[in-house]
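Letters A, B, ... are given to chains in the order of the sequence lines, protein chains preceding strands, and every chain is numbered from 1. Side chains are part of it too, since the values below use all heavy atoms of this structure and drop only hydrogens, waters and symmetry mates.
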Amino acid sequence: MKKTTLFDIISPIMIGPSSSHTAGAVRLGLLARHIYKETPKSVKFTLYNSYAHTGKGHGTEKGLLAGILGLDVDDRRIKDIFNSDLAKNIEYSFKYTDNIKRHPNAVDIEIDGKTKMFLSGDSVGAGEVAIRKINDFSVKLTGRYNNLILVYKDKPGMISKVTYLLQREGINIAYLNCDRNAKGQKASMVIEIDGDLQSAVETVILHMPDVYFVTYVKKLEN
Amino acid sequence: MDTFEQLYNYCISNNKTIFEASQENMAQEADISVEEVRNFVQKSLCAMKEAISSGIKSKELSMSGMCGDDCFKIQQYYKKQHSMFGDLFEKIIEYALATSEENIRMGKIVACPTAGSCGIVPSTLLAVSEKFNYSNSEQINALITAGEIGRIISIKVALAGAVAGCQAECGVASAMSAAAICQLQGGSVKQILNASALALKNILGLTCDPVAGLVEVPCVKRNPFLAIHSITAAELSVANVESKIPLDEVVDAMSQTGALMSPMLKESSQAGLATTKTGLDIANNIFNKK
């Protein structure tokens, strides 16, 4: 677990009023954008529990949309995002629901554009967030580290092949999370790394046999 | 360094101030230079000043309409009638309101340690610095000192109303603020830690029961209250009035109190001010309006 630092206590510089309901929402939207890699054509947000009940008063919807559109937590445009030019070329909608099985500040993000993508995330407190689901796969992506995400065929040796490539680049793995649908079916790997990854490595991994999908998600700056 | 006792011993045996120990520790942890640490802190300090200067000019209400014009009101009042406690008192009240109102109208603030408590540290730090002409570098020293207090408290208690009530948000901010003011006034390591202990000890049990679940009532006005609270702690401490309970143990008491506090009083708006007749009426009005 990451320890709180001096910097965490006197930051972030953010648009108010709530670190979990506003800054956290922006970060969830932003992570979704970084995973999807471009501006979606349309996006449907489903807000759960406390997000659903107090989101409006906290600007949670504005934060989510602003994040998806690429704004950072301290961008003054968040406040008026619904009327901004940025939001003109995207369709968006919000649904509100209760589900005690979900985190108090949870959101589902359904993205449509070149491809469809489904993401779930939680705002876990003090502006910290975690993306928990990408399509069918459970992941844990916090935006605190640079991340390599893979979907591949579940078979022996895949993890060692990928980690070998990282080792060759001198990259240290901070956290590694794997999940799979069923034995021999599709599996996912989320690798949080120290340092930065050269795009060449991403390409090499993508061309490995039985790798279906690779994406590199940079950590959030703020 | 995980406890205040360790911090104190380290500072004394190495002849260092709290901010020196803290910035060196941060630099080492993040693998950056002390100068880079101070640049980061400088950015937060600048953003705090910006929040005050834009907040002080505004009387725009929040989205709920509950808050937003109190800083304007107090300024109007002080134009006619000065505070009986002098201009520094006026400034602290104004700056704390300006910052926390900037927060609830979706302006840009620095969470310090949280957004709901964002007005406390900047109000005292900047009002006192302006009054006594403390340099930018001294202000950074003070903000780092405040941050170190918050960091060590956060090791034992998560700084979130949902975990430990408002004692962990505005309460911790007031302990940080007391340390910052004590640092500015040239307090010793012992006096700084003692100032934080005094501030924290006197907010134990503070609940988090916001009306309509929003960071507005009572949060906005709690910021100037606890800013002044922290000044009392700093003054007592530089006069060598000692907290009988050391800071580490006060934090333990806060953690225990937070754990014993009902979840209904920890940010869930299921009790306290949130469920008073008027609190519920306000909530109903806000939600029906939308």
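Only the side chain of B:D2 comes within less than 4.5 Å of a heavy atom in chain A; its backbone stays farther off. Residue contact with chain A, scored on non-hydrogen atoms closer than 4.5 Å, involves the backbone and the side chain of B:S44 alike. For B:E50, the part lying under 4.5 angstrom from a heavy atom of chain A is the side chain only. For B:V37, the parts lying near chain A are the backbone and the side chain together; criterion is any non-hydrogen pair under 4.5 Å. Both the backbone and the side chain of A:S11 come within contact range of chain B, judged by heavy atoms closer than 4.5 Å. Using a 4.5 Å cut-off between heavy atoms, B:L159 contacts chain A through its side chain alone, with no backbone atom that close. Only the backbone of B:A212 comes within contact range of chain A, judged by heavy atoms closer than 4.5 Å.
For the atom pair CD1 (B:I144) and CZ (A:F7), the distance works out to 8.5 Å, reported to the nearest 0.5 Å. Here OG of B:S22 is found 10.0 Å from CD1 of A:I9. Values are rounded to the nearest 0.5 Å.
Close approach to chain B, defined as a heavy atom under 4.5 Å from one of its heavy atoms, is seen in no residue of residues 88-113 of chain A.
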Go through it in stages, so that I can follow the logic: the residues are A:L6 and B:N25, the test is side chain to side chain contact (heavy atoms under 4.5 Å, CB included), and I'd like the CA-CA distance, side-chain angles, deciding distance and then a yes or no.
CA-CA 9 Å; A:L6 169 73; B:N25 182 25; over 6 Å; no
Show, in sequence, the C-alpha distance, side-chain angles and deciding distance for B:K108 and A:M14, and conclude whether the side chain to side chain contact (heavy atoms under 4.5 Å, CB included) test is met.
CA-CA 5 Å; B:K108 195 197 276 197; A:M14 57 170 271; over 6 Å; no
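Of the listed residues (B:R105, B:E148, B:E102), the one with the most heavy-atom contacts under 4.5 Å to chain A is B:R105. Ranked by heavy-atom pairs under 4.5 Å with chain A, the first of B:A47, B:A111, B:G213 is B:A111. Options A:A23, A:G127, A:S20, A:G59 differ in how many heavy-atom pairs under 4.5 Å they form with chain B, and the most are formed by A:G59. Each of B:E60, B:E267, B:M66 has some count of heavy-atom pairs under 4.5 Å with chain A, and the biggest count is that of B:E60. With chain A as the partner, the residue from B:V110, B:V41, B:I153 showing the most heavy-atom pairs under 4.5 Å is B:V110.
Each of A:H58, A:K62, A:K56 was scored for a side chain to side chain contact (heavy atoms under 4.5 Å, CB included) with B:M63, with one residue passing: A:K62.
A 6.0 Å sphere centred on CD of B:Q28 holds no more than 12 heavy atoms belonging to other residues, nucleotides or ligands. Counting non-hydrogen atoms of other residues, nucleotides and ligands closer than 6.0 Å to OH of A:Y164 gives a total of 12 or fewer. Surrounding NZ of A:K219 are at most 12 heavy atoms belonging to other residues, nucleotides or ligands under 6.0 Å away. Around atom NZ of B:K16, more than 12 heavy atoms belonging to other residues, nucleotides or ligands sit under 6.0 Å away. Within a 6.0 Å radius of NZ in B:K59, no more than 12 heavy atoms belonging to other residues, nucleotides or ligands are found.
Smallest separation of non-hydrogen atoms from A:I10 and B:C112: CG2-SG, 3.9 Å. The nearest pair of heavy atoms linking A:I13 to B:K43 is CD1-O, 3.6 Å. When all heavy atoms are compared, the tightest approach of A:P17 to B:I104 is CB-CA, 3.8 Å.
Side chain of A:K79 to main chain of B:G107: no donor-acceptor pair is present (N/O by atom type, distance under 3.5 Å, no hydrogens or angles). The closest donor-acceptor contact from the side chain of A:T4 to the backbone of B:S154 lies at 3.5 Å or more, if one exists at all.
You'll find the side chain of A:T5 reaches within 4.5 Å of the side chain of B:E29, heavy atoms only.
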